[in-house]
Structures are given as structure tokens and as C-alpha cells.
Amino acid sequence: MKILGLDTATAATAVAVLDTATGATVADRDAPRRGERPRHTTALLRMIVEQLRRADTDWAGIDRIAVGVGPGTFTGLRIGVATARALAGARDIPLVGVSTLHSLAAGAAGAAGAAGPSPAGPAIDAIVAVIDARRGEVFAAGWTAADVSRPGAEPLLALAARVPEALADELRNDGRRWLAVGDGAVEFREALERSGAWIPEEDSGRNRVDAVVHCRLAAGLLPEAPDGVLPEYLRLPDAEISLRAARQ
């Protein structure tokens, strides 16, 4: 089975193709520099076409599409999910929605193995994926290290928008050895490290959403009708929040 995976929940645009029969993958990631705007609109379709070419396949060879459903930025999620739904519907390809946070945590587990932030580090018990939600908040969810790579695994730490200090309190009170990954973990490193969590360096691959992991998780999940795959916004878009605040 060949799976096309894509994600636009964060500032980066990620696309990959996985051949589950051989394990072969091709992938690309377009990440803007700090201060630059995301390029989902201009990059996504171009990257999809390029990864199909690199995988030596066409739409007839794609058996499943996996799309990250967030949580993440409102505009980014809307672009990615709408594109995946349109492609799946137009070409009659099964579609699977994948939690971006679950994929981020599962990817970090694969990169970290059983070790902590260094090969000599003690074993980790759990992984929390943290995406910067702006406005001083993060989107976060956590899984046990033993369970995180399983498709459909239930989170140990429930998916929610939190202030970093509240997340740090939850990690500290839980008592497990936590690995915290993602741009939100990097952005709020000081607060989260006070909880005892380990956070990789900013340029570590463990902090990046990887569409290959989307594909691997989607291989073990049941497809849905395209209109049943919905973004996980978790809160109102920033523009709506600002408008409501201005009306008060």
C-alpha cells in the first residue's frame, strides 16, 4: 500500500509518500524562517506533485491519503484538510485524519528510542507533544513511551490548549520522566524544564512534524468519508478572538 501524507498544522508544510510493502519513503518539508509567513498555499500542491514523482508513482498508485488534523493554526489546518478532502473525493482515494500531536510524539519516540535526550540518558516514560498556539498558550497531549507509536493510542495527557505553566504543573505532578517536543516546547523551554521534562535542542528533528509518521500511523487506522475528516481547532481563530475582545 502506498500512502500520501501531508500536514500544514504548523508553520511548516510537510509531505511524504510511504510504500508499506517495502518501507521506502520520500519526504519534503518547507519551513519558513522566524518572522516569515507560512507558504502552505503556494507550497503544498507543488510538493505533493514532486513527492509523487520521486516515489515513481501517480494518483492511480496511491491507496490512501493521511492528513494532519491538528491542532494548529486555523488557516494552516483549513488549507491542509480542505486540500486532502478535495483530492480524496475527486480521485476516490480513502482518507485518514491523523492527530498532528500524536504524530509528533510518535516521531520523537522513533528518533529517541528508549533513551532520554542523550544516548547515555535514563529511559523516558512518556512523551508530550507541544505546539505553540500563540497568545501565550500551547496545544499539548502526551502518551506513554511504550504506547505512543501504536495507531489510535489513547493519550495519557489529554489533548487541550493550556498555558505553559499549567502544562508544567501537570508534568511535574504526574511523576513520570517526560520528553517534551515540538515548537511549543522550544518556545516555552524555561517553564517546561522546571517540571523536570527533557527538551531537545531547537534544531533537533524530534521537534518537527514528519509526514512519514502520519503515513505510518494512517496505515493502522480506518479511513473515513472525506467530509468526516475535520480539523481539531480546539479554540476560535485569533481573528475571531480579537473581534470579540474589541466588542467588549
Side-chain angles (χ1 to χ4, degrees), residues 1-32 38-40 42-70 72 76-77 79-81 83-88 91 93-115 127 129 131 143 145 147-153 179 181-183 200 203-224 229:
M1 178 167 60
K2 289 184 179 178
I3 303 175
L4 168 68
L6 59 101
D7 192 279
T8 55
T10 67
T13 306
V15 177
V17 176
L18 165 68
D19 186 333
T20 61
T22 65
T25 62
V26 296
D28 194 13
R29 184 173 182 273
D30 179 82
R39 294 181 285 268
H40 305 311
T42 57
L44 181 57
L45 288 176
R46 171 183 56 79
M47 290 170 64
I48 290 172
V49 170
E50 176 61 15
Q51 298 321 297
L52 292 179
R53 184 195 66 78
R54 291 182 62 206
D56 194 25
T57 190
D58 56 17
W59 287 110
I62 295 298
D63 302 292
R64 186 170 292 187
I65 297 175
V67 60
V69 295
L77 280 178
I79 291 169
V81 173
T83 299
R85 288 172 56 168
L87 291 172
R91 300 183 180 276
I93 300 173
L95 179 62
V96 178
V98 175
S99 164
T100 301
L101 287 174
H102 187 189
S103 180
L104 176 59
I127 301 173
I131 291 176
W143 290 259
D147 200 39
V148 67
S149 297
R150 180 174 62 83
L179 173 65
V181 296
D183 62 1
D203 60 355
S204 170
R206 300 178 204 175
N207 290 318
R208 299 171 188 161
V209 175
D210 185 348
V212 172
V213 185
H214 283 29
C215 296
R216 290 175 179 150
L217 291 174
L221 297 172
L222 292 176
E224 302 178 59
V229 175

Check whether any side-chain N or O of T83 sits under 3.5 Å from a backbone N or O of I79 as a donor-acceptor pair, and report yes or no.
-> yes
Do V98 and S103 come close enough that some side-chain heavy atom pair is under 4.5 Å?
-> yes
Between the main-chain N or O of A27 and the side-chain N or O of R54, is there a donor-acceptor pair closer than 3.5 Å?
-> yes
Under 4.5 Å between any side-chain heavy atoms of L87 and I93, yes or no?
-> no
Min side-chain heavy-atom separation P38-T10 under 4.5 Å | no
4.5 Å side-chain heavy-atom contact, L52 and I62 = yes
Just wondering, do H102 and V148 contact through their side chains at under 4.5 Å, heavy atoms?
-> yes
Might you point out which heavy atoms bring T25 and V212 nearest each other, and give the distance in Å?
-> CG2-CG1, 3.8 Å
Which residues share a side-chain hydrogen bond (donor to acceptor under 3.5 Å, both in side chains) with R53, sequence neighbours left out | E50
Lys/Arg N to Asp/Glu carboxylate O, D63 vs K2, below 4.0 Å = no
Does the side chain of V96 reach to within under 4.5 Å of the side chain of V67, using non-hydrogen atoms?
-> no
Check whether any side-chain heavy atom of I48 lies under 4.5 Å from a side-chain heavy atom of L6, and answer yes or no.
-> yes
Looking at side-chain heavy atoms only, is the closest gap between R39 and T42 below 4.5 Å?
-> yes
Using side-chain hydrogen bond (donor to acceptor under 3.5 Å, both in side chains) as the criterion, list what pairs up with S99, not counting sequence neighbours.
-> none
Side-chain donor/acceptor of R64 to backbone N/O of L4, under 3.5 Å | no
Counting only N and O atoms by type, is there a donor-acceptor contact under 3.5 Å from the side chain of T20 to the main-chain atoms of M1?
-> yes
Those residues at least two apart in sequence (or on a different chain) that pass side chain to side chain contact (heavy atoms under 4.5 Å, CB included) with R150 are D147, A153
